[in-house]
Amino acid sequence: MTLLPKPSPLTSQVGPISMTGNTKPFVVLGVSAGIAAYKAVEICRRLVDAGVHVAPVLTERAVHFVGATTFNALGSEPVQTSLWNEASPIPHTRLGQLADVVVVAPATVDLLARYANGLADDLLTTTLLATAATVVVCPAMHTEMWDHPAVQQNLATLRSRGVVIIPPEDGRLAGGDVGSGRLADPAAIVDAVLGLLDSRTPLDLAGVRVVVSAGGTREPIDPVRVLTNRSSGKQGHAIAEAAARRGAEVELVTTTDRPVTHGVTVHRVETAADMEAAMLDRGAGADVVVMAAAVADFRPKGVSPSKLHKSDGIPELILEPTPDILAELGRRRTSDQILVGFAAETDEVTERATAKLVGKGVDLMVANDVSAAGVGFDHDTNAVTVLGADGCTTEVSLTSKMRVADAVLDRVVALLSAR
Ligand code: CTP
């Protein structure tokens, strides 16, 4: 692992080697005052295990949720909470200059608001404003707060400034409520930070135009009901984000409203027909097209214009096939475009995926066995086999969807450089 190039002349002059006496990448781990603060302990430990120098910075209120002693034992240097430290009179500039990445997990509503508005009234916010390093924020809060326009506006502001947002997940929240707002999986946060630190990150897809589809399509039955599937869109979004991180110009055609990191242009769609129109339009002339979406194979024939009522009896659903978008992309492709498909299977995985690889005219087919534990729909992890029309096969054992995305993109880069 090597360090990211520092984005400003100041930070490139004052690198971790000269100021810490080691060559480890330097991560400031900011912890703000949310119930998920205990999960930052796991993030700290995993980063240290991965060979990262971790400087924990807790807000004064975060200490109510998790003790400094724990981070003192696990981090690479003592916890800091205050600007008023006699041994180091300007701790925020030291931390800001040394950092290769600053990651804030959990990031509370209050922390996001202060950071987005440029307020700097404690060590963590002054460090955030004093750094030119990549900043990653991992929000965690109750669903109502996550949905509040003030929070979303602050996130949009941060995103527009290049801050990487790792959105929260759906799940059980403090107090037993269920909804979106739970801190992203610590393993996924660590992977994202390691991905940013990794030497591969710059910039092997620079100048490459990539179009990715993600999510399950929704086919209307009537104005209130749809036919859909279990796809979360996480794998397609991870591919789009990984491609953007590696320098590509990325467009993402998605059915989900998942937040997307800076640098990805998003087209939101609903049905297979919408997705077909967007993919054929955006895919024409793209260097790489990735169909990670779970497109419905059938849709109701003739959508009822008004709500169907029980009192009208059980409706008879007549289905018709949807367009096969990937096959159409395969027919329209030029020889220098790389086309990637996905095959989610439960049995005869390799055979079925190979048949789709050939039948749809693609270069790479990413096959996964969605009946295996931790694989496929709605998980943060995946395990895949990347089959190539050139006969090469890559096995990716169970890991985060971001690492799977990078493995797929490694194959794409190899194909691009062979053309
Ligand atoms: N796909 C598509 N349009 C469809 C169906 C699938 O573009 N109407 C794409 C998917 O995005 C994926 C690939 O084709 O990249 C394989 O999808 P999959 O659902 O595994 O296979 P199907 O072709 O639908 O075949 P089957 O349902 O028989 O497995």
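Both ligands and their constituent atoms are indexed starting at 1 by order of listing. On a predicted model such as this, the values are computed, not experimentally measured, just so you know.
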Practice item. Using a cut-off of 6.0 Å, state whether more than 12 heavy atoms not belonging to Glu328 lie near its atom CD. Key: yes
Study note, to complete from the structure: Between Thr254 and the options Arg268, His267, His237, the side chain to side chain donor-acceptor pair (under 3.5 Å) test singles out His237
Check your understanding: Measuring from each atom of ligand 1, which residues have a heavy atom under 4.0 Å away?
Key -> Met291, Ala293, Val295, Ala296, Asp297, Thr322, Pro323, Asp324, Ile325, Leu326, Gly341, Phe342, Ala343, Ala344, Lys356, Lys360
Practice item. Have a look at Val79 and tell me which of Leu74, Thr70, Leu58, Val57 forms a side chain to side chain contact (heavy atoms under 4.5 Å, CB included) with it. Key: Leu58
Exercise for review: Apply side chain to side chain contact (heavy atoms under 4.5 Å, CB included) to the pair Met365 and Thr354, showing each step before the final yes or no.
Suggested key: CA-CA 7 Å; Met365 186 57 80; Thr354 304; over 6 Å; no
Check your understanding: Around atom CZ of Arg61, are there more than 12 heavy atoms of other residues, nucleotides or ligands at under 6.0 Å?
Key -> no
Compile the donor-acceptor pairs under 3.5 Å between side chains in residues 28-40 and protein atoms, sequence neighbours left out, one pair per line.
unit_1 : atom_1 : unit_2 : atom_2 : d
Ser32  : OG     : Pro106 : O      : 2.6
Ser32  : OG     : Thr108 : N      : 3.1

